[in-house]
Amino acid sequence: MAAPMEVAVCTDSTAQLWTCVVWELHSGANLLTYRGGQAGPRGLALLNGEYLLAAQLGKNYISVWELQRKDQLQQKIMCPGPVTCVTTAPNGLYVLAGIAENIYLWEVCTGNLLVILSRHYQDVSCLKFTGDSSHFISGSKDCLVLAWSLCSVLQVDPSRIPAPRHVWSHHTLPVTDVHCGFGGPLARVATSSLDQTVKLWEISSGELLLSVLFDVAVMAVTMDLAEHHMFCGGSDGSIFQVNLCARPAQREQSFQPEQEPGKVFRGHRNQVTCLSVSTDGSVLLSGSHDETVRLWDVQSKQCVRTVTLKGPVTNAAIVLAPVSMLSSDARPSLPLPRFNKHLLGAEHGDEPRRGGLTLRLGLHQQGSEPSYLGRLEQMQAVMCSTLEKGGQDQLRVRVSELEDEVRNLRKINRDLFDFSTHIITRPGK
Amino acid sequence: MTKKRKRQDDFQKVKLKVGKKKPRLENATVTNFKTKSIHLPEQLKEDGTLPTNNRKLNIKDLLSQMHHYNAGVKQSALLGLKDLLSQYPFIIDAHLSNILNEVAAVFTDKDANVRLAAVQLLQFLAPKIRAEQISPFFPLVSAHLSSAMTHITEGIQEDSLKVLDILLEQYPALITGRSSILLKNFVELISHQQLSKGLVNRDRSQSWILSVNPNRRLTSQQWRLKVLVRLSKFLQALADGSSRLRESEGLQEQKENPHATSNFIFINWKEHANDQQHIQVYENGGSQPNVSSQFRLRYLVGGLGAVDEGLSSPENLKGFIEIIIPLLIECWIEAVPPQLAASVGNGIEREPLQVMQQVLNIISLLWKLSKQHDETHKLESWLRKNYLTDFKHHFMSHFPYALKEITKHRRKETNKSMKNCTILSNNVDHLLLNLTLSDIMVSLANTSTLQKDSSWIEMIRKFVTETLEDGSGLNNKQLNRLLGVSWRLMQIQPNREASEALIKAVYTLYQQRGLLLPVRTLLLKFFSKIYQKEELRPYRLRYRSKLLSRWLAGLPLQLAHLGSRNPELSTQLIDIIHTAAARANKELLKSLQATSLRIYDPQEGAVVVLPAESQHRLVQLVYFLPSLPADLLSRLSRCCIMGRLSSNLATMLIGILYMRSSFSGWKYSVKDWLSEVDYFSFLFSTLTGFSKEELTWLQSLRGVPHVVQTQLSPVLLYLTDLDQFLHHWDVTEAVCHSLLVIPARSQSFDILQSAISKHLVALTVIPDSTAGCIFGVICKLLDHTCVVSESLLPFLASCCYTLLYFLLTLEKGEPEHLKKRDKLWGACVSILALLPRVLRLMLQSLRVNRVGPDELPVVGQLLRLLLQHAPLRTHMLTNAILVQQIIKNITTMKSGGVQEQWLTDLHYCFSVYITGHPQGPAALSTVY
C-alpha cells in the first residue's frame with residue numbers, strides 16, 4: 001500500500017444491521033461492519049489503531065472491538081452511568097469518557113481508572129484530545145468549555161482537585177461540538193453551541209480569537225488540517241464554510257458573482273450532527289438526522305455521494321485506515337486489559353491486587369521544591385565557593401591524587417592484560 | 001467814608017483764629033488733578049511672519065524675555081505666552097521643545113509670582129499636549145521638577161507640588177515612569193537622612209527621621225499632609241498603571257483572562273457570507289497585534305532614557321517600604337500622640353484625621369503594589385514579619401477608639417450637643433479610615449496565622465458586621481472597601497458560621513430599598529462571586545449557605561418586579577440567573593420556574609419590555625427551564641407573534657423549543673421533555689399569528705376599509721399592517737422548518753390540518769397573513785404520503801379566491817399592501833399547483849352570474865393570469881371545460897355592452913393556451 005487509505009466510519013442510532021460501518025471514501029464500497037449495540041453521538045473512537053470503541057446510546061457501557069475481528073465483541077467497559085461521549089488519546093495511552101457531568105480517565109495499559117474530573121455542572125457533551133495527547137478539551141451542556149492539561153490532571157495529590165488550564169465561559173447555551181486543530185499545545189480549538197455561535201480559542205494563551213454568529217444553532221464544527229476553513233453544521237441542515245484566511249476581495253472579482261460557489265453546503269434536510277474533513281482538505285463528510293451521510297467536494301460545494309442509513313446518523317468521521325483494519329492477520333500488539341469501574345486508590349476488598357508497576361507523576365509541590373536549574377546553580381555556587389576557598393594548593397593536591405589514581409589503574413590494567421596473554425598464549429599441555 | 005472803608009478792606013488784616021480753617025489763597029495752584037500714564041498695550045511694529053499676541057510680541061520675543069533678569073518681565077512673558085498660545089494653538093506643536101525648555105526652567109525661579117505664572121501656563125498647556133507629544137521632552141521636565149522638589153527654598157518646594165499635581169493629572173504613565181527619583185524626593189521633602197556616625201551601622205530604615213522646619217509658613221503637619229496627599233496620588237497612578245485590570249479593588253471578577261474579552265474578532269455570518277467581513281486569525285488572535293507581551297524594546301511612552309524600574313521590582317519596593325513606613329508611623333504618632341490616646345474618644349481634629357487617612361492610603365496602595373508582584377506570597381510574609389507588630393501597636397490600639405468614637409458620637413447626637421458638629425462632618429471620613437485600616441490589616445493575615453491574629457481580626461470582623469448592618473448611608477467607595485474587607489475575611493476564615501454571619505450582614509444591606517445602582521451592583525457582584533467560589537468546590541465539600549441560596553432564589557422575582565425600570569440592573573440579574581441556571585442550581589431553577597409566567601408575560605413581562613440584548617438572554621434562558629407547561633408555552637407563542645420580540649429572537653425561541661422537544665434527538669438531561677401535544681399547539685398558535693380572542697373579535701368586523709369582501713367567496717379578508725405581516729411571515733419560516741424536521745411527515749400534516757379545520761375553517765374573517773402562512777406551510781409540508789382531508793379543501797379554495805381577488809384589486813395607491821403582493825401571490829399559486837382539487841373547487845365556485853359588474857373584470861383577469869402561469873397550465877387544461885363554461889358565462893353577461901379589453905385578452909389567452917394545445921378539446925371553437 002503506497003499511501004494510507006482514507007475510510008469513512010459511520011454509525012446511526014438505530015443500528016438495525018450493524019453498529020458501525022466502514023466504507024471506502026472515494027468508491028463508496030463497504031469495507032467492514034461491526035455488530036453489537038447502538039453507538040451514541042460523539043461516542044465512537046479508534047484506540048491505538050487496534051481497537052474500536054463505541055459508547056452505547058443510553059447504556060452503561062462502552063463496546064470494544066478488535067479492528068480486524070469485526071464480528072466479535074471484545075469487551076464491554078462497564079461504567080457507572082450512561083456514557084455521553086468517548087475519546088481516546090492519539091498516542092493510545094488513555095481513554096476519556098464523559099458520564100453525566102463527570103469525565104473519567106482510564107489508562108489503557110493497565111485498565112486503571114486514574115481520575116474522575118467533576119468540574120462540569122451538567123452533562124458533558126463532547127471530548128477532544130489535542131494531536132500530541134498533552135491536553136484535552138471538554139464541552140458541556142452547562143455552556144462551559146474546559147481545557148485540561150493531561151499532566152496536571154494525572155498528578156497524584158489527593159488534597160488538590162485537578163483544575164482545568166482554561167475555563168472558557170463565553171457560550172450562553174449548551175456546547176454541541178468541539179474540534180481541536182493541529183499543533184498540540186499551540187492548537188486552536190473551535191467550539192460550537194446552541195447559542196448560534198462558533199468560537200475559536202487558543203489553547204496556549206486561553207484567548208478567544210474569533211466568534212461567528214449564525215442564524216441557526218450550530219450542532220457540529222470542524223476545520224481542515226491547514227485551518228483555512230472552518231465548517232459548521234447548522235440545525236437546519238446547512239453546512240457553513242467560514243474562511244479563516246480570507247483576504248478582502250478585489251473589486252474586479254465582484255463582476256462574476258456566479259462563479260463563486262457560495263459558502264453554504266445545502267442538501268441535508270435535518271440537523272447536521274457530525275462533520276469531518278479529509279487529510280488533504282478536499283472532501284467533507286457530514287452526517288445528519290435526515291439519516292444520510294453525505295460526501296461533499298469542498299472546492300465546488302457539491303454533494304459527491306449520499307449514503308442513506310437506517311436512522312439518524314450519530315457519528316461519521318474520515319480516518320486514515322489503520323493496518324489492522326484492512327489486513328485480517330494483524331493482531332493487536334497488546335491485549336486490552338479489563339477496565340476498572342472504580343477509581344484507583346479507592347481500594348475495594350474484592351479486587352485482588354495484580355502484579356504490576358504503576359508509575360505516577362510525583363507531587364508537584366509549589367515553591368518548596370527548587371527546580372533542577374535552580375539546584376544546578378546552587379551546586380555550581382557551592383563548588384565555586386569551595387574552589388575559591390581552597391585555593392590553588394588544594395587543587396594541586398587533588399590533581400596529583402587523581403593522577404596517582406590514573407597511574408594505578410593503568411598499572412592494574414597492564415597487569416590484567418599480561419596475565420591474560422600469559423594464560424592464552426601458554427601452550428596447552 | 002465808604003472809600004476809606006474800602007481801602008481799609010483791602011488792607012484788612014486777616015485774622016487767623018485757632019480752630020478755624022485757613023482760607024485759601026487766591027493765587028494758590030490747584031493741585032487736585034490726577035495724572036495717568038499712557039499705556040501702550042501693543043507695539044506698533046508688526047511682524048508679518050510670526051503670529052503675535054496682544055502686545056505684538058511673537059514667540060521668539062517671549063521666549064527670549066524669559067532670560068531677563070527682572071522678575072516682572074519674566075512674569076509678563078509667561079502671561080504673554082499663555083495669551084499667545086491660547087490664540088494660536090498651532091504654535092504649541094511647532095515650538096513645543098523651546099516652550100517646555102523655558103517653562104520648565106522657571107519652576108525653580110526665585111520669584112513666587114514667576115513660579116505662579118509658570119504653573120498657570122503649565123496648567124493651560126498640559127491638556128493641549130498629548131502624552132506622545134510630550135514624552136521626548138519629559139526627561140527634561142521631570143529633571144526640572146525634581147530639582148524644584150529638592151530645592152533649598154521652601155517656596156519652590158511647595159510650588160513644585162503644584163507642578164506635580166498637573167503632571168499627575170495629565171501624564172500619569174509618564175510620571176510614574178520616573179518613580180525611583182520622585183519617590184526619593186518625596187521622602188526628602190518630609191524628612192532628612194541622619195548622617196551622624198553613630199547611626200551608620202544601624203539598618204537604613206532607621207536613618208530617616210521626620211524633619212521639622214520652623215521657618216516654614218505652614219505648620220509642619222500641614223506641610224506633611226500636603227506631601228502625603230501627593231505621594232498617595234502618585235502611588236495611585238502607579239498602581240493604576242501597572243495593574244492590568246482596573247476593576248473595583250477586591251471585587252474583581254474571576255475571569256479566566258481579562259484580555260480574552262477585549263480583542264477578539266466578532267463576525268456575523270450573513271456579512272461574512274456576503275464578503276463584507278473578512279477574517280484574519282493572527283498568531284495571537286485579535287483584530288490588532290497583541291501588545292500585552294512582556295518583552296519591550298523600550299518604553300512606549302518613556303522617552304529615550306534608561307529604563308526606570310521604579311517600584312516594579314520587589315527589591316525596590318521592599319526598599320521603599322522600609323524607608324517610608326517608619327516615617328508614616330511617625331506621622332501617625334504625631335497626629336495621634338499615644339499619651340492622648342485615652343482622650344481621643346472625644347474625636348479628633350480634622351487635620352490629624354486627614355494625615356491619618358493619607359498614611360493609611362499610602363500603606364494600602366503599597367500593599368496593593370506589593371500584591372501585584374507577589375506570586376509566591378513571599379513579600380506578604382515579609383511584610384507580616386516586619387510590620388505586623390508595629391501596626392498592631394500603633395494602629396490597632398486606636399482601632400477600637402474609632403469604633404468607640406462612632407458609638408459615642410451617636411449617643412451624643414441624640415443630645416444635640418454643639419460640640420459634635422465638627423465630628424459629624426468627619427463621620428464619613430472616619431468610616432473610610434477605619435475601612436482602609438481594616439483592609440491593610442486583614443491583608444496581612446491568612447488562613448494559617450488565624451489563631452495568632454484572632455484578637456484583632458475579631459475586632460475588625462465586629463466592626464465590619466456592624467457597619468454593614470446599618471449601612472444604608474454607605475457610598476460607593478466605602479462599600480467597595482467594606483466588601484473587599486469582608487471578602488478577604490471570608491477567604492482567610494474557612495469557618496462556616498463566621499462567613500455565614502458576614503453574608504447575613506451583607507444580605508440585610510442588600511434587602512434595603514432605595515439603594516443606588518452602583519451600590520446595588522457591588523452587592524450583586526459580591527454575591528455572585530461568593531456563589532462562583534462555592535461552585536468551584538467539589539460536591540462533597542460544597543456547603544450550601546442558606547442565605548446565599550435564598551438570595552439566588554430571589555433573583556427571578558426581582559427581575560420580574562423590576563420590569564423596564566432599570567435595564568442595567570436587569571442585565572446584571574439576568575447574567576447571574578443565566579450562569580446559575582446553566583449550572584443547574586436547583587433552588588434557582590425552582591424559583592425561575594415559579595416566576596416564569598411573569599417573566600415571559602406577553603404584555604408586561606421582562607421578556608418584552610427589556611432591550612434587545614437582555615431579551616436575547618431571556619430567550620436563551622427558556623432552554624434551562626425545568627419544564628414548559630402549556631400556559632407558559634401559550635405565553636411564549638404570544639410573545640413570538642406580537643412582534644415585541646424581533647423575528648430573529650422569535651426564530652431562536654422556536655429553535656430552542658425544538659431542541660427541547662423529543663424530535664431533536666438532543667439529549668436533554670431533565671426527564672420531562674416538552675410534551676408533543678404542547679409543542680404542536682405552540683407551533684400552530686404561532687403559525688396562526690392571532691389569538692383566539694382576536695380572531696373572534698375580527699369576526700364582527702364588516703364594511704371597514706381593512707376588510708375585503710367578495711361576492712363569490714364566503715371568506716372575508718382582514719388586512720394586517722405591513723410590519724405585522726412581515727414579522728408573521730418570518731416567524732412562519734421558522735415554524736415551517738420545525739415542522740419539516742419532524743420525522744413522521746404525514747402525521748404532523750394530519751395534526752396541522754385537523755387543527756386548521758378545528759380552529760380556522762369556521763371563521764369568516766381571516767387575516768391575510770394567516771391565510772398566506774397556512775398556504776405556505778401546507779405547500780412545504782405536503783408530500784406524497786400526506787392525505788388532504790375533504791373538509792379542508794373548500795375552505796382553502798375560498799381563502800385562495802379571496803386572496804387572489806384582493807391581490808388583483810390592489811391599487812397602486814396602497815404601497816403598504818403592494819409589498820405583500822409577491823409573497824401572497826407565490827403562496828396562492830403554489831397551493832393551486834400542488835393541490836389541483838383546490839383549483840377545481842375554486843373554479844367551480846366562480847359562478848359568474850351572481851357577480852356584480854364591478855367584480856366581473858377581476859374574475860376575467862384572474863382567469864387570464866392563471867392561464868398564463870406556467871406551472872398551473874396542465875391543471876388548467878384538465879379543468880378546461882370548467883374554464884370554458886366560465887368564460888362563456890362571462891361573455892354572455894357582457895354581451896350587451898361593448899367588448900372590453902380584458903375580455904379580449906381573456907379570449908386570446910384561452911385560445912392560445914388551451915385551444916392551441918393539441919390535447920385541448922376541439923369543440924371549443926364552436927363557442928365563438
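Reminder, nothing fancy here: chain letters follow the sequence lines and each chain counts from 1.
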Novice: For the CZ atom on B/Arg745, are there more than 12 heavy atoms of other groups (residues, nucleotides or ligands in this structure) within a distance under 6.0 Å?
Specialist: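 It does: B/Arg745 CZ has more than 12 such atoms within range.
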Novice: Non-hydrogen atoms of chain A under 4.5 Å away: do they reach the side chain of B/Leu621, the backbone, both or neither?
Specialist: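 Interface part for B/Leu621: neither.
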Novice: Kindly state whether the ring of A/Phe240 and the ring of A/Phe214 have centres lying under 6.0 angstrom apart.
Specialist: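 Between A/Phe240 and A/Phe214, the centre distance is under 6.0 Å.
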Novice: What pairs of donor and acceptor atoms, side-chain ones from residues 647-654 of chain B against any protein atom, are under 3.5 angstrom apart with sequence neighbours left out?
Specialist:
residue: B/Ser647; atom: OG; partner: B/Asp730; partner atom: OD2; Å: 3.4
residue: B/Thr651; atom: OG1; partner: B/Ser647; partner atom: O; Å: 2.5

Novice: Can you list every pair that meets salt bridge (charged side-chain N to carboxylate O under 4.0 Å, His left out) and has a residue in residues 570-579 of chain B, with sequence neighbours left out?
Specialist: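 Every pair satisfying salt bridge (charged side-chain N to carboxylate O under 4.0 Å, His left out) with a residue in residues 570-579 of chain B: B/Asp575-B/Arg617.
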Novice: At a heavy-atom separation under 4.5 Å, does B/Ala581 approach chain A through its side chain, its backbone, both, or neither?
Specialist: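 Contact with chain A: backbone only.
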Novice: Is it the side chain or the backbone of A/Gln241 that comes within 4.5 Å of chain B heavy atoms, both, or neither?
Specialist: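 Just its backbone gets close to chain B.
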Novice: Is chain B contacted by the side chain of A/Leu144, its backbone, both, or neither, given a heavy-atom distance below 4.5 Å?
Specialist: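 When you check distances to chain B, only side chain atoms of A/Leu144 fall under 4.5 Å.
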